[in-house]
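Whatever order the structure lists them in is the order used to number ligands and atoms, beginning at 1. From a predicted model like this one, the values you see are computed outputs, not experimental measurements.
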Amino acid sequence: MTGRLVIIGGGQAGFALAAKLRALKDARPITIIGSEDVIPYQRPPLSKKYLLGEMEFDRLTFRPESWFAEHDVELLLSTYVEEIDRETRRVRMQDGAVIEYDTLALATGSTPRTLPASVGGDLDGVFTVRDKRDADLLASEMKPGRRLLIIGGGYIGLEAAAVARHLGLEVTLIEMADRILQRVAAKETADVMRDIHAGHGVVIREKTGLHKLIGENGRVRAAELSDGSTIDVDFVIVGIGVKPNDELAQQCGLEVGNGVIVDEFARTSDPSIFAMGDCAMLPWKGKRIRLESVQNAVDQAEAAAAVIAGGTTPYDAKPWFWSDQYDVKLQIAGFNMGYDETLVRKGAREGSLSIWYFREGRFIAVDAINDAKAYVSGKKLLETGIEPSRAVLADPAADLKQLLA
Ligand SMILES: Cc1cc2nc3c(=O)[nH]c(=O)nc-3n(C[C@H](O)[C@H](O)[C@H](O)COP(=O)(O)OP(=O)(O)OC[C@H]3O[C@@H](n4cnc5c(N)ncnc54)[C@H](O)[C@@H]3O)c2cc1C
């Protein structure tokens with residue numbers, strides 16, 4: 001036994017796990033194996049300031065390269081793990097090399113869903129945004145006057161639309177569902193975001209799917225939409241969700257659902273293997289969910305680090321999320337799954353608004369649009385379990401501090 005912790009995936013969760021163990025003064029050998037060719041970095045700016053060209057890559061990295069040697073964390077870059085052998089406790093990499101583990105962590109993240117080749121998904125000029133390479137390729141397409149089609153009205157698609165308009169492109173966004181943000185936010189939030197995008201000149205076409213992309217010499221040129229219309233395009237961004245990278249877990253016989261199934265200690269069905277971040281399916285209020293956020297990647301990884309270091313505290317997810325579009329900051333506290341009621345509150349500042357979600361009369365989440373006070377209050381309410389007064393929420397002049405008094 002080497003006592004070695006091997007972490008597969010050098011992203012948000014993989015890095016947080018190693019960093020937390022070192023912060024806890026845990027001195028075991030740690031190896032991070034990452035398939036990308038750059039040191040660990042944060043992804044959110046890839047569809048925001050980095051794509052806009054307003055943020056350099058070295059501001060995305062969690063730590064400078066020297067941190068890894070200084071903290072005795074071995075980092076294997078450009079290295080893809082192909083197989084886990086639980087019998088011998090070894091992982092095999094694509095070049096055939098093997099490394100032994102005592103404890104293994106799966107922090108493999110997720111992969112954007114793509115369009116099948118049968119509808120033109122394999123044409124040049126069709127992009128997804130997951131890593132630095134994707135964002136760099138995309139940035140080179142973002143030239144004023146070019147025509148961009150975005151498929152999917154989720155956060156990534158809307159953020160990319162905002163960047164593209166800022167850079168002077170013509171943007172059409174299609175959403176197959178009845179409205180944008182259908183999967184993640186209430187109608188009221190979607191209505192505000194739609195208006196903001198329309199005000200910036202994005203053409204949003206809801207209830208409109210893609211029939212197929214049409215290519216010329218292997219490159220996308222036009223798109224046939226489900227309503228029978230055809231639009232000319234120079235390039236396409238596909239933002240139709242992600243799937244968890246759980247193939248390694250499946251192949252070695254771990255319990256897998258929509259992601260690697262873990263318990264409240266981030267342990268998989270094999271007690272020596274942990275999973276965290278986008279690839280993990282965790283227990284939450286009697287259900288199993290996957291959370292695709294920085295908050296979850298970091299907090300779950302840090303909770304796992306404490307367990308690996310000998311602790312016994314379960315991970316209690318306190319979801320929060322944000323999205324930046326134009327000068328609009330959308331901040332979300334809580335998880336609105338299963339909501340059956342919403343309440344809209346106008347904020348004190350022009351353009352600030354919050355949407356409060358309830359399930360069976362209990363407050364579960366808030367979307368705050370340019371309204372930091374609503375976000376902070378909602379987050380505190382969820383942390384303390386205090387139910388907000390509806391009268392205070394309904395009164396735009398009331399101070400939200402009263403909610404916590
Ligand atoms: C463009 C974009 C914008 C986002 N914006 C926000 C935001 O505003 N707010 C927010 O909260 N969240 C945002 N997110 C989500 C957030 O970045 C993710 O939830 C978070 O990165 C998940 O961390 P992770 O460690 O699980 O996965 P990742 O950070 O994706 O890291 C996984 C790593 O594992 C590697 N890997 C996978 N398989 C293997 C293998 N077999 N061998 C070796 N390496 C492997 C991958 O290449 C990757 O480097 C955004 C994500 C994207 C892509």
Determine whether the side chains of Arg130 and Ser110 contain a donor N or O and an acceptor N or O closer than 3.5 Å.
yes

Looking only at protein heavy atoms, which one is nearest to atom 4 (C) of ligand 1, and what is the separation?
Pro44 CA, 3.5 Å

Using only heavy-atom distances, determine whether the side chains of Asp270 and Thr268 contain a donor-acceptor pair under 3.5 Å.
no

Test item: side-chain donor near acceptor, Thr189 and Asp367, under 3.5 Å:
yes

Do Ser323 and Gln325 get their side chains close enough for a donor-acceptor pair, meaning under 3.5 Å?
yes

What is the ring orientation for Tyr326 with His200, classed by angle as parallel under 30°, tilted 30 to 60°, or perpendicular over 60°?
parallel

Which of the numbered atoms in ligand 1 are under 4.0 angstrom from any heavy atom belonging to Gly277?
26 (O)

Can you list the atoms of ligand 1 that are under 4.0 Å from a heavy atom of Leu248?
41 (N)

Nearest to atom 27 (O) of ligand 1, what protein heavy atom do you find, and at what distance?
Gly109 CA, 3.2 Å

Considering only non-hydrogen protein atoms, determine which one is nearest to atom 37 (C) of ligand 1 and report residue, atom name and distance to 0.1 Å.
Thr108 O, 3.2 Å

4.0 Å heavy-atom contact, Glu247 with ligand 1
no

Does ligand 1 have any atom sitting under 4.0 Å from a heavy atom of Thr79?
yes

among protein heavy atoms, the one nearest atom 49 (O) of ligand 1 is Glu36 OE2, 2.5 Å

Within the 3.5 Å criterion, strictly below it, is a donor on Tyr50 or Asp136 matched to an acceptor on the partner's side chain?
yes

For atom 11 (O) of ligand 1, find the nearest protein heavy atom and state the residue, atom name and distance (0.1 Å precision).
Val294 N, 3.0 Å

Winner among Leu76, Leu106, Asp278 once heavy atoms are compared against atom 18 (C) of ligand 1
Asp278

Heavy-atom pairs closer than 4.0 Å: do any link ligand 1 to the side chain of Trp322, the backbone, both, or neither?
both

Short list, please: which atoms of ligand 1 are under 4.0 Å from a heavy atom of Ile156?
1 (C), 2 (C), 3 (C), 52 (C)

Minimum-distance protein heavy atom relative to atom 47 (O) of ligand 1:
Ser35 OG, 2.8 Å

Looking at Tyr155 versus Trp322, is the centre-to-centre ring distance below 6.0 Å?
no

Numbering the atoms of ligand 1 from 1, which are under 4.0 Å from a heavy atom of Gly11?
25 (O), 29 (O), 31 (O), 33 (C)

Please identify which atoms of ligand 1 are closer than 4.0 Å to at least one heavy atom of Ser293.
11 (O), 12 (N), 19 (O)

Just jot down the ligand 1 atoms closer than 4.0 angstrom to any heavy atom of Ile8, in number order.
40 (C), 42 (N), 43 (C)

So which heavy atom in the protein is nearest atom 23 (O) of ligand 1, and how far is it from that ligand atom?
Gln12 CB, 3.4 Å

Could you list which atoms of ligand 1 come closer than 4.0 Å to a heavy atom of Lys48?
5 (N), 6 (C), 7 (C), 8 (O)

Side chain, backbone, both or neither: Ile33 near ligand 1, heavy atoms under 4.0 Å
backbone

Around atom 42 (N) of ligand 1, find the nearest protein heavy atom and jot down its residue, atom name and distance.
Val81 N, 3.0 Å

The ring-ring contact (aromatic ring centres under 6.0 Å, His included) partner of Trp356 among Phe363, Tyr375, Tyr339 is Phe363

The single option from Arg28, Arg4, Arg89 that satisfies salt bridge (Lys or Arg N to Asp or Glu O under 4.0 Å) with Asp102 is Arg89

Can you tell which of Thr111, Thr108, Ile8 makes a side chain to side chain contact (heavy atoms under 4.5 Å, CB included) with Cys279?
Thr108

Can you tell me if Gln12 and Tyr41 form a side-chain donor-acceptor pair at under 3.5 Å?
no

Classify the side-chain pair Thr88/Asp85 by whether it contains a donor and acceptor separated by less than 3.5 Å.
yes

If hydrogens are left out, which of Ser47, Ala107, Ala13, Ala280 has an atom nearest to atom 32 (C) of ligand 1, that is, the closest non-hydrogen atom?
Ala107

Which ligand 1 atoms, with their elements, are less than 4.0 angstrom from a heavy-atom of Glu292?
19 (O)

Hey, are Ser47 and Glu159 close enough side-chain-wise for a donor-acceptor pair under 3.5 Å?
yes

